[in-house]
Amino acid sequence: MNRVAIIANTGSGKSMVGRRLSLARQLPFFSIDQILLDPGWTPIAYIEGKRRHDQILAGDQWIIDGLGPSDLMEARFAAADTIIFVDLPLYVYYWWTIKRKITRLFRPRPDGPEDSSMLSATDPLFKLLWDVRRQSRPSLLETIEHYRAGRDVFHIQSLREFRRFVRTHCDVKEQ
């Protein structure tokens, strides 16, 4: 587990998993939001985002969480040795997104773009949750299946599996 792609719907805990896995495995962690967005949730030019993304993929070790454009996601899957798909029930995402919105009133998001409030970004996320689940999920499953050969694939579909994955792979071991 040296090159890890973590994908999921918004509010899924993928960034938490990425940060904890980064600490446990001593791997650099990157959020797709930090790669593709400037402060204030401002999208950067595609070519610059692709350059940043490809520069990270050229490394021997990385964890990248998030979706982003499909060609970048597929490049990530092709370069990854591990793909983690957090695919929990939709109601979990809605609940976790509401909790995150309340929490971010008091603490900034550690892996979002600099100077970017979650308040302005959360309401569109509720629609995005539905759209990703209904429209993007089927093609994500196909794409993951296409890249399954030669990779460790974790398809996490329940809270029990989620907690077990975190406990098994993300706990920092004493050296």
Side-chain angles (χ1 to χ4, degrees), residues 1-22 24-37 43-94 96-97 111-113 124-170:
M1 196 180 289
N2 288 303
R3 295 176 316 280
V4 182
I6 304 172
I7 59 162
N9 210 330
T10 188
S12 64
K14 65 187 171 295
S15 295
M16 179 276 294
V17 168
R19 285 190 306 274
R20 290 188 58 181
L21 194 58
S22 171
R25 302 286 175 150
Q26 310 239 324
L27 299 172
F29 171 72
F30 305 93
S31 167
I32 200 71
D33 289 345
Q34 291 174 319
I35 297 168
L36 301 179
L37 300 172
I44 62 171
Y46 171 82
I47 196 73
E48 174 60 17
K50 183 176 181 337
R51 185 195 65 73
R52 290 179 186 178
H53 186 266
D54 291 349
Q55 185 175 13
I56 294 166
L57 292 187
D60 291 335
Q61 297 185 318
W62 44 262
I63 298 171
I64 301 176
D65 87 327
L67 296 171
S70 60
D71 62 323
L72 298 186
M73 184 181 60
E74 287 199 40
R76 207 171 322 133
F77 287 177
D81 60 28
T82 306
I83 299 171
I84 302 167
F85 181 25
V86 181
D87 188 22
L88 301 174
L90 194 55
Y91 75 87
V92 174
Y93 296 142
Y94 278 108
W96 285 358
T97 299
D111 55 356
L125 293 180
F126 290 125
K127 182 178 180 329
L128 181 63
L129 282 166
W130 180 260
D131 291 346
V132 167
R133 182 65 175 202
R134 297 291 176 224
Q135 296 169 10
S136 302
R137 183 177 177 271
S139 64
L140 281 173
L141 290 168
E142 279 183 34
T143 303
I144 290 167
E145 199 55 42
H146 176 77
Y147 287 99
R148 182 176 289 277
R151 289 164 188 82
D152 290 325
V153 175
F154 297 90
H155 186 182
I156 301 168
Q157 299 181 72
S158 70
L159 287 173
R160 172 180 269 162
E161 290 176 13
F162 184 82
R163 289 181 190 111
R164 183 176 35 231
F165 180 88
V166 169
R167 195 173 46 252
T168 304
H169 298 283
C170 300

Do you know which two heavy atoms are closest between Pro69 and Leu36, and how far apart they sit?
CD-CD1, 3.5 Å
Approximate separation, where rounding is to 0.5 Å, of Leu57 CG and Arg76 CZ:
7.5 Å
Nearest 0.5 Å please: distance from the CZ atom of Phe30 over to the CG atom of Asp65.
11.5 Å
Applying salt bridge (charged side-chain N to carboxylate O under 4.0 Å, His left out) to Arg148 and not counting sequence neighbours gives Glu145
For Leu72 versus His53, what's the shortest heavy-atom pair and its separation?
O-CE1, 3.1 Å
Quick one: closest heavy-atom pair of Ala79 and Trp62, and the distance?
CB-CZ2, 3.8 Å
Would you confirm whether Arg137, through its side chain, and Asn9, through its main-chain N or O, come within 3.5 Å as a donor-acceptor pair?
no
Those residues at least two apart in sequence (or on a different chain) that pass salt bridge (charged side-chain N to carboxylate O under 4.0 Å, His left out) with Arg25 are none
Under the rule for side chain to side chain contact (heavy atoms under 4.5 Å, CB included), what residues qualify as partners of Thr143, not counting sequence neighbours?
Glu74, Phe77, Tyr147
Return the CZ to NZ distance between Arg19 and Lys14, rounded to the nearest 0.5 Å.
11.0 Å
Arg151 side-chain N/O to Ala149 backbone N/O, donor-acceptor pair under 3.5 Å:
yes
Between Ser22 and Leu27 (side chain of the first, backbone of the second, donor and acceptor by atom type, cut-off under 3.5 Å), is there such a pair?
yes
Please list, chain by chain and in numerical order, all residues satisfying salt bridge (charged side-chain N to carboxylate O under 4.0 Å, His left out) with Asp54, sequence neighbours excluded.
Lys50
Taking only residues two or more places apart in sequence, or in another chain, which ones meet His155 in a ring pair (Phe, Tyr, Trp, His ring centres under 6.0 Å)?
Phe85
Reported CD1-to-CD1 distance for the pair Ile144 and Ile84, which is rounded to 0.5 angstrom:
11.0 Å
Do Ile32 and Met73 touch side chain to side chain, with heavy atoms closer than 4.5 Å?
no
Measure the spacing between CZ of Arg52 and CD1 of Ile44 and express it to the nearest 0.5 Å.
3.5 Å
Listed partners of Arg51 passing salt bridge (charged side-chain N to carboxylate O under 4.0 Å, His left out), at least two apart
Glu48
For the atom pair CD1 (Ile63) and OG (Ser15), what is the distance rounded to the nearest 0.5 Å?
11.5 Å
Ile156 side chain near Arg164 side chain, heavy-atom distance below 4.5 Å:
no
Give the intermediate values and the outcome of side chain to side chain contact (heavy atoms under 4.5 Å, CB included) for residues Val17 and His169.
CA-CA 9 Å; Val17 168; His169 298 283; over 6 Å; no
